[in-house]
Amino acid sequence: MTRFWLLKCEPDVYSIDDLERDGRTGWDGVRNHQVRNFMRDEMKPGDLGIFYHSNAEPPGAAGIVRIERSGVPDPTQFDPKSEYHDPKSRREDPTWRMCEVSFVERFAELVPLDRLRGDAALASLLILRRGNRLSITPLERAEFDRIRVLGAVRAETGTKGAAGKQGAVGTKGAARTKERLRAAK
DNA sequence: GCCAACGTTGGC
DNA sequence: GCCAACGTTGGC
């Protein structure tokens with residue numbers, strides 16, 4: 001059974017444009033146990049996800065991805081040079097997992113958070129709940145379908161946001177602080 | 001195990 | 001830059 005997910009990432013770190021260019025990417029850098037468990041136990045090849053731009057101007061739903069693999073050991077945990085290196089993790093039993101996602105589509109226009117919030121059909125969307133900070137959350141099929149419909153319709157007004165167009169150097173699962181972003185430049 | 005201090009996330 | 005809402009850490 002196909003399941004549906006919402007994957008958050010800061011576009012300054014990795015955006016839907018980067019994924020369109022790359023075609024496929026490892027969703028590495030997740031260091032939250034709940035999200036790790038989703039990727040290890042629940043996400044399956046063929047599942048679909050909304051790619052959400054967080055910490056952006058404006059934040060919102062940017063496109064659609066397909067889960068290609070999941071539960072894959074995240075290589076950054078074994079890389080001493082990575083800021084996500086975890087010296088306690090063993091190769092025989094990796095602590096941190098990632099999924100691999102492929103590009104499906106970029107929305108005709110980003111669906112801003114305001115628009116998601118104002119939509120009655122999305123009232124139960126987990127990312128709209130106060131205090132929710134998980135970088136990956138499950139979606140109902142109806143929620144996924146609704147966001148896809150909103151994304152397919154080009155708004156009659158509104159300017160296209162200047163999406164970040166940087167190389168794929170960062171990690172997706174964990175947002176970077178502005179300080180770290182600055183340091184990375 | 002408790003909990004205060006601190007760090008992170010992410011919208012605004 | 002601010003701050004609410006977490007999660008993590010470490011002393012006890």
Side-chain angles (χ1 to χ4, degrees), chain A residues 5-19 25-43 49-63 65 74 76-90 93-99 101 107 109-139 143 146-147 150-151 155 157-166 168-185:
Chain A
W5 305 93
L6 184 143
L7 294 82
K8 287 195 283 196
C9 188
E10 301 188 15
D12 286 347
V13 175
Y14 196 83
S15 72
I16 190 75
D17 294 327
D18 294 323
L19 181 59
T25 194
W27 205 266
D28 57 5
V30 171
R31 294 296 179 269
N32 171 283
H33 287 90
Q34 217 175 324
V35 175
R36 187 274 314 272
N37 294 348
F38 285 149
M39 295 195 290
R40 190 190 57 194
D41 306 331
E42 299 195 44
M43 297 173 86
I50 300 292
F51 193 132
Y52 177 89
H53 284 176
S54 61
N55 237 321
E57 191 48 54
V65 304
D74 177 348
T76 65
Q77 71 194 305
F78 303 122
D79 178 2
K81 293 192 294 291
S82 169
E83 63 179 302
Y84 294 99
H85 180 229
D86 182 352
K88 293 197 292 285
S89 182
R90 316 251 129 236
D93 183 23
T95 305
W96 304 110
R97 311 301 179 96
M98 65 177 192
C99 57
V101 305
F107 288 153
E109 201 148 309
L110 183 120
V111 186
L113 178 58
D114 284 350
R115 190 105 186 273
L116 300 175
R117 211 166 243 145
D119 196 287
L122 299 174
S124 57
L125 205 63
L126 285 172
I127 56 154
L128 302 184
R129 298 241 179 106
R130 242 157 63 105
N132 174 43
R133 292 168 16 184
L134 296 180
S135 60
I136 298 180
T137 48
L139 290 180
E143 293 170 332
R146 178 60 181 158
I147 295 171
L150 293 176
T157 60
T159 51
K160 187 106 181 161
K165 278 248 181 180
Q166 290 181 298
V169 292
T171 195
K172 292 94 184 168
R176 296 187 168 188
T177 65
K178 290 173 180 64
E179 286 69 27
R180 276 198 231 145
L181 265 180
R182 235 176 274 124
K185 277 174 189 169

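Every chain is numbered from 1 and lettered A, B, ... according to where its sequence line falls, protein lines coming before strand lines.
- Whole-Å rounding puts the A:E83 CD to B:dT8 C1' distance at 13 Å.
- The CZ atom of A:R36 sits 15 Å away from the C1' atom of C:dG7 (whole-angstrom rounding).
- Dashed line: the shortest gap from a side-chain N or O of A:Y52 to OP1 or OP2 of B:dG11 is under 4.0 Å.
- Residue A:N55 contributes atom CG, which lies 14 Å from atom P of C:dG1 at whole-angstrom precision.
- The CG-P distance, from A:L116 to B:dG11, rounds to 11 Å in whole Å.
- Side-chain atoms of A:R133 and base atoms of C:dA5 include a donor and an acceptor less than 3.5 Å apart.
- For A:D114 and B:dC12, the CG to P distance is 6 Å, given to the nearest whole Å.
- In this structure the side chain of A:I147 reaches within 4.5 angstrom of the side chain of A:F107, judged on heavy atoms.
- Distance A:L128 CG to C:dA4 P: 20 Å, rounded to the nearest Å.
- Going from atom CG of A:N132 over to atom CD1 of A:I127 covers 8.0 Å, rounded to the nearest 0.5 Å.
- Residues A:R31 and A:D74 are paired through a salt bridge, judged by an N-O separation under 4.0 Å between the basic side chain and the carboxylate.
- At whole-Å resolution of the value, CZ in A:R31 and C1' in C:dT9 are 18 Å apart.
- What separates NZ of A:K8 from P of B:dT9 is a distance of 10 Å, to the nearest Å.
- Across all strands, A:R117 comes closer than 4.0 Å only to sugar-phosphate atoms, never to a base (heavy-atom distances).
- Ring geometry for A:H33 versus A:W96: interplanar angle of 30 to 60°, hence tilted.
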